[in-house]
Amino acid sequence: MAKGMRLDKLLSNLGYGSRKDIKLALKSRIVKVNGELEKDPARHVDPEKDVVEYNGERIEYREFIYLMLNKPDGYVSATFDNRDKTVLDLIDGEYLVFEPFPVGRLDKDTEGLLVLTNDGALAHRVLSPKKHVKKRYFALVEGEVTSDDIEAFSEGVELEDGYKTLPSQLEILESGETSRIELTIYEGKFHQVKRMFEAVGKKVTYLKRLSMGNLRLDESLGLGEYRELTGEELLMLEEER
């Protein structure tokens with residue numbers, strides 16, 4: 001947690017306006033520190049100890065935010081894109097001031113669980129290739145998925161570029177002209193699930209991420225909806241197999 005932070009920086013970080021806006025608010029006598037009116041924007045405050053009020057409302061300072069998003073089709077997992085809408089276009093301004101970014105990525109046409117945070121250390125831990133954080137997906141697959149595919153995936157399949165994937169767990173929910181499956185993988189290569197099925201002669205037509213680590217998507221979230229992670233869910237995200 002930050003200590004000795006300038007008052008104007010703390011307030012602007014929390015979305016109360018630009019440094020200029022904060023200066024005007026201080027002049028308007030609507031900011032208090034520990035019950036006393038404060039006019040100096042350079043006043044240093046300790047967010048853990050000092051009580052800061054803005055227009056009668058006590059400020060709750062947080063360094064990090066952690067959001068669970070049910071990502072819809074059509075949005076790219078990025079903070080900026082010249083052509084497409086990004087997942088940040090779904091997030092309200094009260095969270096955008098923290099400058100969150102997606103932890104990993106989902107393809108533009110893939111739905112489901114996406115975590116956004118401004119905690120770079122957590123993102124690094126979750127995304128580290130050495131960690132092998134499991135990711136579970138639901139997919140619709142064109143073609144009949146069989147026990148041969150289960151066996152192939154359990155041994156790892158060779159992608160078109162020669163890379164052999166780590167062993168994964170394939171579960172067939174329904175097999176037919178269009179099969180319904182769930183797949184758990186332990187790495188995150190580009191378009192990996194789609195490429196794995198292409199390696200066995202099949203095509204993914206719909207893909208949804210259900211979980212990362214032991215953190216599962218809250219199915220009560222509609223597409224495009226999000227909420228903050230609980231402390232327990234944050235721990236689940238980092239748990240390994």
Side-chain angles (χ1 to χ4, degrees), residues 13-15 60-129 131-140 168 173 180-196 204-241:
N13 281 0
L14 293 175
E60 297 291 340
Y61 182 79
R62 295 186 291 169
E63 187 172 7
F64 299 122
I65 60 163
Y66 307 92
L67 304 176
M68 173 192 293
L69 169 68
N70 186 358
K71 178 193 169 298
D73 181 5
Y75 290 80
V76 295
S77 300
T79 56
F80 174 79
D81 192 273
N82 280 319
R83 296 177 302 170
D84 296 310
K85 294 175 291 187
T86 77
V87 290
L88 291 189
D89 290 320
L90 299 164
I91 307 301
D92 291 334
E94 66 180 292
Y95 292 111
L96 291 180
V97 296
F98 288 92
E99 300 182 344
F101 53 86
V103 179
R105 65 186 303 279
L106 289 178
D107 296 340
K108 180 181 174 182
D109 61 352
T110 299
E111 298 178 354
L113 175 64
L114 187 66
V115 173
L116 295 100
T117 185
N118 59 339
D119 185 344
L122 172 122
H124 177 75
R125 291 195 299 273
V126 171
L127 297 175
S128 170
K131 201 76 183 296
H132 299 311
V133 172
K134 64 183 177 184
K135 304 168 189 72
R136 190 165 182 84
Y137 293 84
F138 168 80
L140 296 178
S168 59
L173 305 178
R180 299 169 62 250
I181 65 93
E182 288 191 7
L183 176 67
T184 301
I185 61 175
Y186 298 90
E187 52 196 333
K189 300 297 180 183
F190 185 65
H191 294 323
Q192 181 168 338
V193 175
K194 296 172 184 175
R195 293 165 67 200
M196 288 176 72
V204 172
T205 57
Y206 171 81
L207 189 60
K208 174 182 179 179
R209 183 155 66 193
L210 303 175
S211 64
M212 289 178 65
N214 290 317
L215 174 67
R216 289 191 63 85
L217 175 66
D218 181 345
E219 294 290 351
S220 72
L221 290 175
L223 285 171
E225 293 183 344
Y226 63 93
R227 65 166 174 78
E228 293 192 40
L229 292 182
T230 65
E232 185 179 0
E233 287 174 330
L234 193 55
L235 292 175
M236 288 180 179
L237 178 63
E238 295 195 74
E239 288 177 359
E240 300 185 48
R241 311 183 192 191

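As the structure is a computational prediction, the values presented were derived from the model and not from experiment.
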Side-chain touch Leu122/Leu237, heavy atoms, less than 4.5 angstrom: yes
Give the minimum heavy-atom separation between Pro72 and Leu223, together with the two atoms involved. CA-CD2, 3.9 Å
Would you say the side-chain atoms of Ser77 pair up with the backbone N or O of Leu106, donor to acceptor, closer than 3.5 Å? yes
CG of Leu210 to CZ of Phe138: how many Å apart, nearest 0.5 Å? 8.0 Å
Distance col, row Leu90:CG vs Lys85:NZ, nearest 0.5 angstrom, shows 8.0 Å
Would you call Glu219 and Lys208 a salt bridge, taking side-chain N to carboxylate O under 4.0 Å as the test? yes
Tyr66 and Asp119: side chain donor to acceptor below 3.5 Å: yes
For Glu99, look at atom CD and say whether over 12 heavy atoms of other residues, nucleotides or ligands are found less than 6.0 Å away. no
Pairwise side-chain contact, Arg216 with Leu113, heavy-atom cut-off 4.5 Å (strictly under): no
How far apart are the closest heavy atoms of Gln192 and Lys189, and which atoms are they? OE1-N, 2.9 Å
CD-CG distance between Glu225 and Leu69, expressed to the nearest 0.5 angstrom: 10.0 Å
Is any side-chain heavy atom of Leu88 closer than 4.5 Å to a side-chain heavy atom of Phe80? no
Can you tell me if Asp89 uses its side chain to pair, donor with acceptor, with the backbone of Asp84 under 3.5 Å? no
Do Asn214 and Lys134 come within less than 4.5 Å of each other through their side chains, counting heavy atoms only? yes
Do Val126 and Lys131 make a side-chain contact, defined as non-hydrogen atoms from C-beta onward lying under 4.5 Å apart? no
Counting distance only, does the side-chain N/O of Arg195 pair as donor-acceptor with the main-chain N or O of Phe190 below 3.5 Å? yes
Between Asn70 and Asp218, is there a donor-acceptor pair closer than 3.5 Å when you use the side chain of the first and the backbone of the second? no
Reported NZ-to-CZ distance for the pair Lys71 and Arg105, which is rounded to 0.5 angstrom: 9.0 Å
Taking everything shown except His124 itself, do over 12 heavy atoms lie less than 6.0 Å from its NE2? no
Is there side-chain contact between Glu182 and Leu173, with at least one heavy-atom pair below 4.5 Å? yes
Quick one, Leu229 and Thr117 - any side-chain contact, counting heavy atoms below 4.5 Å? no
CG of Leu217 to CZ of Arg209: how many Å apart, nearest 0.5 Å? 10.0 Å
Is any side-chain heavy atom of Arg180 closer than 4.5 Å to a side-chain heavy atom of Leu140? yes
If you take all heavy atoms of Val193 and Val204, which pair is closest and at what distance? O-CG2, 4.2 Å
What's the separation between atom OH in Tyr137 and atom CE in Met196, rounded to the nearest 0.5 Å? 11.0 Å
Salt bridge between Lys194 and Asp109, side-chain N to carboxylate O under 4.0 Å? yes
Looking at Ser168, is its backbone amide N or carbonyl O close enough to the side chain of Thr184 to form a donor-acceptor pair, meaning the two atoms are under 3.5 Å apart? no
For Val133 against Gly213, the heavy-atom pair lying closest together: CG1-N, 3.3 Å
Nearest non-hydrogen partners of Ala123 and Phe101, listed with the distance: CB-CE1, 3.7 Å
